[in-house]
*Asks:* 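Before I ask anything, let me first share the structure, which is written out below as structure tokens.
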There are 2 protein chains.
Amino acid sequence: MRILLVEDDSILGAAVRDHIVASSHSVDWVTRLDAATTYLESAAYDLILLDMMLPDGRGISFLRSMRMKGCATPVIILTALDQISDRIQGLNAGADDYMTKPFDLSELSARLNAVARRYSGNPNPLVEIGDLQIDLAARTVARGGRPIDLTAREWALFEAFVQRPGQIMSKVQLEERLYAFGAEVESNTIEVHVSRLRKKLGHSVIDTVRGIGYRLGNAR
Amino acid sequence: MRILLVEDDSILGAAVRDHIVASSHSVDWVTRLDAATTYLESAAYDLILLDMMLPDGRGISFLRSMRMKGCATPVIILTALDQISDRIQGLNAGADDYMTKPFDLSELSARLNAVARRYSGNPNPLVEIGDLQIDLAARTVARGGRPIDLTAREWALFEAFVQRPGQIMSKVQLEERLYAFGAEVESNTIEVHVSRLRKKLGHSVIDTVRGIGYRLGNAR
DNA sequence: CGAATCCTGTCAGCAAGCTGACGGGTATGT
DNA sequence: ACATACCCGTCAGCTTGCTGACAGGATTCG
């Protein structure tokens, strides 16, 4: 999952950024709204964490603007404890959820997961694909009750497919989803990860559509 | 569809064989039961057309034997008009249908199609896959009401996938299904036909599972 | 703290698959 | 009967993808 963090408090920003990275999501962190606008135009984000008070304006204006432009990316607003009006206004402006500073990072994870699940159109974290049992919340895969151990990258890649069954994802799309700006990969890294995933899950779980991308196999 | 024809009458056998070939199915024609046994052990048939009176025995014995061995291939028995007991015995022994000689060849086609549909577990000839509308009886494919013209070979290949959604078919399996003994192909003919089919249907209708085979794409 | 292990991205060689082109045989039309 | 068009299998060169190996950095363990 790719996240845009808009937060000018450097200590909080760094903590949140690090936590997101440790959760094996990718994150771009900006401290101003103009940068957020630019980033949002350049990449597809799965989630935006949006502070309300920023040096060049209010998060609420940014949120209204992006909603008016038809952008449906889920937004969690970050508000001060005593700013209840920010929360109400934010939710009314189209935010999906809010968190009040200071917040516990495990609370952040829970919120991230909840929004991601809603966004993927699949609120139920338990998925079966062929003979695989997948828990999107616990980030586990098993076959016949036997767990299959996936690394963070492998999980992130697999999750991308599971959240979009049947949809072909190009290598560029996968790269954008798995890597933040400045962390793009060169060479054939996506192919390598797909190969590693296949080694663990079996060669018919993910299909290649040559010249286009990859998708979940048609396991019926 | 690959058919085993067991018929010692050379005129009838030739007429039936030619009709089957003209219908773009493949057929192996034998005149004796021992040859039929050998063929059945060597290849997977979709249907057997079985005469009752053969030089080396009765078709009914062959049918009983193959059913006892657990072979589920559909069988249409070919009987003389006045041999009603053959018909009853044949059906009781596990035949799927019967035809009485002499029969009209278009009647044979209808029977072939009916059995093939039942065998594929999909008695309904109308199938939708992604945005394709397929009529298995009329052997037509259309997209948005616009027909897509397939040649006989292309249709045979496509039909194989449609009848087994989600199942990976290896090149060998496809070859066995599309070509009779003595008509096997060399070189990369299956790949070429898949490529041609993709050119007409789109590149994401059939997925390649590298090193294993092909199957219908996961169009959801 | 050092050693061992693991994860991840890169590299590069290989290979399975893809596709344009061609020729022979068949079917169709005049 | 001849010309044309089409189908189909083969060929071969190209291409995209796959994967083993490696090295560097991060993590884990004693």
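Naming: A, B, ... by sequence-line order, numbering from 1 per chain.
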*Asks:* Nearest whole angstrom, please: distance from the C1' of C:dG17 to the CG of B:D207.
*Replies:*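 Roughly 14 Å, once rounded to whole Å.
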*Asks:* A:E191 CD to C:dT10 C1': how many Å, rounded?
*Replies:*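 My rounded result for the distance is 12 Å.
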*Asks:* CG of B:L197 versus P of D:dC8: gap in Å, rounded?
*Replies:*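 Whole-Å distance recorded here is 12 Å.
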*Asks:* So what does B:T151 hit on the nucleic acid, given a heavy-atom distance under 4.0 Å: a base, only sugar-phosphate, or nothing?
*Replies:*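 Sugar-phosphate: the residue B:T151, judged by heavy atoms under 4.0 Å, touches backbone atoms but no base.
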*Asks:* Without decimals, in angstroms, what is the distance between B:L174 CG and D:dC8 C1'?
*Replies:*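 Whole-Å distance recorded here is 17 Å.
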*Asks:* Rounded to whole Å, please give me the gap between CD1 in A:I206 and P in D:dG17.
*Replies:*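 So the two atoms are 14 Å apart, to the nearest Å.
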*Asks:* Ignoring hydrogens and geometry beyond distance, is the side chain of A:N188 in donor-acceptor contact with the base of D:dT16 at under 3.5 Å?
*Replies:*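 Result: no qualifying N/O pair found.
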*Asks:* Whether A:T189 contacts C:dT8 is assessed here as follows: a side-chain N or O lying under 4.0 Å from the phosphate OP1 or OP2. Is that the case?
*Replies:*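 The answer is no; no side-chain N or O of A:T189 sits under 4.0 Å from OP1 or OP2.
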*Asks:* Looking across every strand, which nucleic acid part, if any, lies under 4.0 Å from B:T208 by heavy atom: base, sugar-phosphate, or nothing?
*Replies:*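 Sugar-phosphate, backbone atoms only, no base.
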*Asks:* Between P on D:dG17 and OH on A:Y214, what's the gap in Å once rounded to a whole number?
*Replies:*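 So the two atoms are 6 Å apart, to the nearest Å.
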*Asks:* Counting N and O atoms only, with roles assigned by atom type, does the side chain of B:E154 sit under 3.5 Å from a partner on the main chain of B:T151, one being a donor and the other an acceptor?
*Replies:*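 Checked: pair present.
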*Asks:* Just call it for B:V192: base, sugar-phosphate, or nothing, with non-hydrogen atoms closer than 4.0 Å on any strand.
*Replies:*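 B:V192: base contact, heavy atoms under 4.0 Å.
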*Asks:* Between P on D:dC18 and CZ on A:R196, what's the gap in Å once rounded to a whole number?
*Replies:*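 One finds 14 Å between P of D:dC18 and CZ of A:R196, rounded.
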*Asks:* Base, sugar-phosphate, or nothing for B:S195, non-hydrogen atoms under 4.0 angstrom?
*Replies:*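 It contacts base atoms.
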*Asks:* Which atoms form the tightest heavy-atom contact between B:L63 and B:I77, and what is the distance?
*Replies:*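 Here B:L63 and B:I77 meet closest at CD2-CG2, 4.5 Å.
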*Asks:* I want to confirm an ordering. Mapping A:V194 and B:H193 to their closest nucleotides on DNA chain D, which one lands closer to the 5' end?
*Replies:*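 This one resolves to B:H193.
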*Asks:* Nearest whole angstrom, please: distance from the C1' of C:dC6 to the CH2 of A:W155.
*Replies:*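 Distance check: A:W155 CH2 to C:dC6 C1' gives 20 Å.
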*Asks:* Counting just side-chain N and O atoms, does A:R153 come under 4.0 Å of either OP1 or OP2 of C:dC7?
*Replies:*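 Negative; the distance criterion is not met.
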*Asks:* Taking only side-chain nitrogens and oxygens of A:K199, does any of them come within less than 4.0 Å of OP1 or OP2 of D:dG20?
*Replies:*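 Yes, within the criterion.
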*Asks:* Consider only side-chain N and O atoms of A:T38 and A:R32, and report whether a donor and an acceptor are under 3.5 Å apart.
*Replies:*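 No pair is found: no donor N or O on one side chain lies under 3.5 Å from an acceptor on the other.
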*Asks:* Checking the side chain of A:R67 only, and the main-chain atoms of A:C71 only, is there a donor and an acceptor separated by less than 3.5 Å?
*Replies:*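 Yes; judged by distance alone, with no hydrogens or angles, the pair exists.
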*Asks:* Minimum heavy-atom separation for B:R177 to B:Q163, with atom names?
*Replies:*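 B:R177 and B:Q163 have their closest heavy atoms at NH2-OE1, 2.6 Å.
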